[in-house]
There are 2 protein chains.
Amino acid sequence: MIDAITIKDVKLQLGELCKQKRRSYELSQEDLAEVLDISRYTIQKFENGKNATLDTVLKIANHFDLLNNLYQALKDIEKSNDINSLY
Amino acid sequence: MIDAITIKDVKLQLGELCKQKRRSYELSQEDLAEVLDISRYTIQKFENGKNATLDTVLKIANHFDLLNNLYQALKDIEKSNDINSLY
DNA sequence: TAATATTGTTTATTATAATACACAAATATA
DNA sequence: TATATTTGTGTATTATAATAAACAATATTA
């Protein structure tokens with residue numbers, strides 16, 4: 001039996017994804033911080049699963065072209081809710 | 001030509017989704033705030049597209065059983081990155 | 001329409017995310 | 001191995017998200 005996903009799990013996975021994306025672009029934490037105009041410490045903490053603000057997360061997502069994906073996913077959830085309400 | 005999705009768009013959509021989910025459970029902002037042990041003002045601001053913390057967003061997502069979906073979506077993005085690196 | 005419930009807004013305070021800086025630890029490169 | 005680069009940590013400060021409480025503005029219901 002696999003345990004349910006926790007908030008901590010999601011934060012850690014978000015951090016891992018940032019780390020992976022950043023490295024695939026061959027950017028250091030310093031580089032990414034600079035282009036996004038945020039501090040390296042903020043990136044550092046986010047990549048290691050600490051709490052962050054939505055703005056920080058979305059700035060990073062945007063830089064790695066994940067904003068449209070995210071938006072569409074949210075729209076899909078909203079739509080699936082609409083459909084369920086028909087039954 | 002449709003404009004690209006902005007960070008503001010995503011925050012507004014997150015807020016709308018919270019509002020919709022909350023209403024589908026017939027909860028007031030007050031109700032939701034109480035069960036999540038956060039203030040109604042935090043919900044209020046989030047639902048209207050203001051900035052928030054990841055913890056706030058994930059507490060809400062968790063309450064509406066969206067955490068597994070989110071986690072899996074993040075894993076999928078990570079995996080698709082791995083695959084691309086093979087070519 | 002009157003009463004009730006919900007949502008929006010304001011102000012003040014507290015908690016904490018973000019910043020800046022320095023330095024140590026760990027990795028990568030010459 | 002020595003040098004350089006990157007990452008992790010610590011401390012202090014600043015900016016702002018979160019809280020609490022009250023009240024006005026909107027919906028909802030009787």
Side-chain angles (χ1 to χ4, degrees), chain A residues 6-64 66-67 70-71 74 77-78 81-82 85-86, chain B residues 6-64 66-67 70-71 74 77-78 81-82 85-86:
Chain A
T6 66
I7 289 174
K8 185 68 194 168
D9 292 332
V10 175
K11 287 193 290 188
L12 285 169
Q13 182 57 28
L14 277 168
E16 277 308 311
L17 187 55
C18 177
K19 201 177 294 189
Q20 192 199 36
K21 278 286 180 186
R22 176 174 62 74
R23 285 174 176 162
S24 79
Y25 282 85
E26 295 190 336
L27 298 171
S28 67
Q29 292 177 348
E30 179 69 38
D31 294 334
L32 183 57
E34 199 166 347
V35 296
L36 296 181
D37 197 32
I38 61 183
S39 74
R40 181 174 71 85
Y41 195 46
T42 298
I43 306 268
Q44 166 69 18
K45 278 176 6 193
F46 176 61
E47 286 193 351
N48 287 293
K50 305 299 183 206
N51 197 12
T53 60
L54 213 42
D55 275 336
T56 294
V57 180
L58 296 181
K59 272 186 192 176
I60 293 170
N62 181 50
H63 190 256
F64 296 131
L66 297 171
L67 225 48
L70 178 53
Y71 187 79
L74 294 174
I77 293 172
E78 193 180 41
N81 231 38
D82 285 342
S85 70
L86 294 175
Chain B
T6 66
I7 289 173
K8 186 69 195 167
D9 292 331
V10 175
K11 286 192 290 188
L12 284 169
Q13 183 57 29
L14 276 168
E16 276 308 311
L17 186 55
C18 177
K19 202 177 292 188
Q20 192 199 35
K21 278 286 180 185
R22 175 174 63 75
R23 285 175 175 161
S24 78
Y25 282 85
E26 296 190 334
L27 298 171
S28 66
Q29 293 177 346
E30 179 69 37
D31 294 334
L32 183 57
E34 199 166 346
V35 295
L36 297 181
D37 196 34
I38 62 182
S39 75
R40 182 173 71 85
Y41 192 47
T42 297
I43 305 270
Q44 165 69 19
K45 277 176 7 192
F46 176 61
E47 285 193 353
N48 287 293
K50 305 300 184 205
N51 197 14
T53 60
L54 213 42
D55 274 337
T56 294
V57 179
L58 297 181
K59 273 186 192 176
I60 293 169
N62 181 50
H63 189 256
F64 295 132
L66 296 171
L67 225 47
L70 179 52
Y71 186 80
L74 294 174
I77 293 171
E78 193 181 42
N81 232 36
D82 285 340
S85 70
L86 295 176

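The model shown is predicted, which means the values in this text are computed figures rather than measured ones. Each chain gets a letter, A, B and so on, in the order its sequence line appears, and its residues count up from 1.
- Distance alone, capped at 3.5 Å, places no donor-acceptor pair between the A:R40 side chain and the A:E30 backbone.
- The two residues A:F64 and A:C18 have their closest heavy-atom pair at CE1-O, 4.2 Å.
- Summarising the local packing, NZ of A:K59 is surrounded by more than 12 heavy atoms from other residues, nucleotides or ligands at distances under 6.0 Å.
- Scanning residues 53-64 of chain A for heavy-atom distances under 4.0 Å to DNA chain C yields A:T53, A:T56.
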Any N/O pairs under 3.5 Å between the protein and nucleotides 25-30 of chain D? List them or say none.
none

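- The interatomic distance linking A:L32 (CG) with D:dG8 (C1') rounds to 17 Å, in whole Å.
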ask   = side chain to side chain contact (heavy atoms under 4.5 Å, CB included) between B:N62 and B:L36: does it pass, once the steps are laid out?
value = CA-CA 10 Å; B:N62 181 50; B:L36 297 181; over 6 Å; no

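- For A:K19, the NZ atom is densely surrounded, since the number of other residues' heavy atoms within 6.0 Å is greater than 12.
- The minimum heavy-atom distance between B:S39 and B:A33, with the atom names listed, is C-CB, 3.7 Å.
- One finds a side-chain N or O of A:R22 lying less than 4.0 angstrom from the OP1 or OP2 phosphate oxygen of D:dT7.
- Between B:L67 and A:I7, the shortest heavy-atom distance links the atoms CD2-N, 3.7 Å.
- Rounded to a whole Å, the CZ atom of A:R23 is 10 Å from the P atom of C:dT27.
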request  = Applying side chain to side chain contact (heavy atoms under 4.5 Å, CB included), run through B:I60 and B:I43 and close with a yes or a no.
outcome  = CA-CA 9 Å; B:I60 293 169; B:I43 305 270; 4.2 Å; yes

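- Of the candidates A:T53, A:L14, A:T56, A:V10, A:L14 is the only one forming a side chain to side chain contact (heavy atoms under 4.5 Å, CB included) with B:L54.
- Counting only distance, with no hydrogens or angles, the side chain of B:K8 and the backbone of B:G49 share a donor-acceptor pair below 3.5 Å.
- Note: NZ (B:K50) to P (C:dG8) measures 11 Å, nearest angstrom.
- As rounded to whole Å, 11 Å separates atom C1' of D:dT5 from atom CD of A:E30.
- When rounded to the nearest whole Å, the span between CD of B:E26 and P of C:dT6 equals 11 Å.
- Listed by residue number, B:R40, B:Y41, B:Q44, B:N48 are the residues of residues 35-49 of chain B with a heavy-atom contact under 4.0 Å to DNA chain C.
- Counting to the nearest Å, the P atom of D:dT19 and the CD atom of B:E34 are 13 Å from each other.
- For B:Q44 and B:Q29, the side-chain atoms include at least one donor-acceptor pair closer than 3.5 Å.
- Distance A:E16 CD to D:dT7 C1': 14 Å, rounded to the nearest Å.
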